[in-house]
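Have a look at the structure below before the remarks.
For clarity, every value in this text was computed on a predicted model and none was experimentally measured. Here is how names work: the chains are called A, B, and so on, in the same order as the sequence lines, proteins then strands, and each is numbered from 1.
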Amino acid sequence: KQEVTQIPAALSVPEGENLVLNCSFTDSAIYNLQWFRQDPGKGLTSLLLIQSSQREQTSGRLNASLDKSSGRSTLYIAASQPGDSATYLCAVPDPGTYKYIFGTGTRLKVLA
Amino acid sequence: ETGVTQTPRHLVMGMTNKKSLKCEQHLGHNAMYWYKQSAKKPLELMFVYSLEERVENNSVPSRFSPECPNSSHLFLHLHTLQPEDSALYLCASSQERLTDSGNTIYFGEGSWLTVV
């Protein structure tokens, strides 16, 4: 059974820092991995989708990497800003189903 | 602006009430989902519809009843709920199976439900 874990659960950093969020999954037979952002009381917004054949994806100040063999993905945020404060979730599809398995998220606070 | 719209955004209901949550997607997708998000828990998949047919029912109590009249609309009918059902209910849509590479899932803003 696929399980997704995210560490740390919460993170507070001063503005301008580069930071790394971690995601690990137990079943490496994944087709893709997706990172989402969730603002308080809101829905999820897709940030980056990495296909199983890819090693990383970049969008602006965000870079996500994928290492299937070790069951890990990292989300790198460069030059963090207060507007980056949110909960970041990673998710992988459960093979052969419509299910996306989510981690519990990392709650990020960037201090001005 | 999200392509998935949920109404109402907030709902307070008594345990004997009957209410419905509505979701509409404007993305031309053929799969729609209901997720439940409770405090400090991972998102829980409740139901999945593909081409208006229910393909997943994740052991959800019968007091939650989904309805998918067409590929653009999804409802969640609520009756005799319990206080522990209070949560954020998220609707989402995608093009075909998520396990197909390249398909992503789009979420609505959610409906905050409080059962008193």
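- Interface remark: A:L89 contributes side-chain atoms only to the contact with chain B (heavy atom separation under 4.5 Å).
- Counting heavy atoms from C-beta on, the side chains of A:Q38 and B:L88 come closer than 4.5 Å.
- In terms of heavy atoms, B:P42 sits closest to A:F102 at CB-O, 3.7 Å.
- Comparing A:G43, A:A9, A:S53 by heavy-atom pairs within less than 4.5 Å of chain B, the highest count is held by A:G43.
- Interatomic distance, CD of B:Q37 versus OG1 of A:T87, reported as 8.0 Å (0.5 Å rounding).
- One hydrophobic cluster, built from ILVMFWY side chains closer than 4.5 Å, cannot hold both B:L81 and B:Y35; they sit in different ones.
- Atom-to-atom distance recorded for A:T45:OG1 and B:Y106:OH is 11.0 Å, nearest 0.5 angstrom.
- Residue-environment remark: NZ (A:K42) stays at or below the threshold of 12 foreign heavy atoms within 6.0 Å.
- Surrounding CG of A:L111 are more than 12 heavy atoms belonging to other residues, nucleotides or ligands, all under 6.0 Å away.
- Each of B:L43, B:I105, B:V48 was checked for a side chain to side chain contact (heavy atoms under 4.5 Å, CB included) with A:Y100, and the lone residue meeting it is B:I105.
- Atom CZ of A:R55 has 12 or fewer neighbouring heavy atoms from other residues, nucleotides or ligands inside a 6.0 Å radius.
- The hydrophobic cluster containing A:L21 does not contain A:F36, counting ILVMFWY residues as joined when their side-chain heavy atoms lie under 4.5 angstrom apart, directly or transitively.
- Around CD of B:E53, the count of heavy atoms belonging to other residues, nucleotides or ligands within 6.0 Å does not exceed 12.
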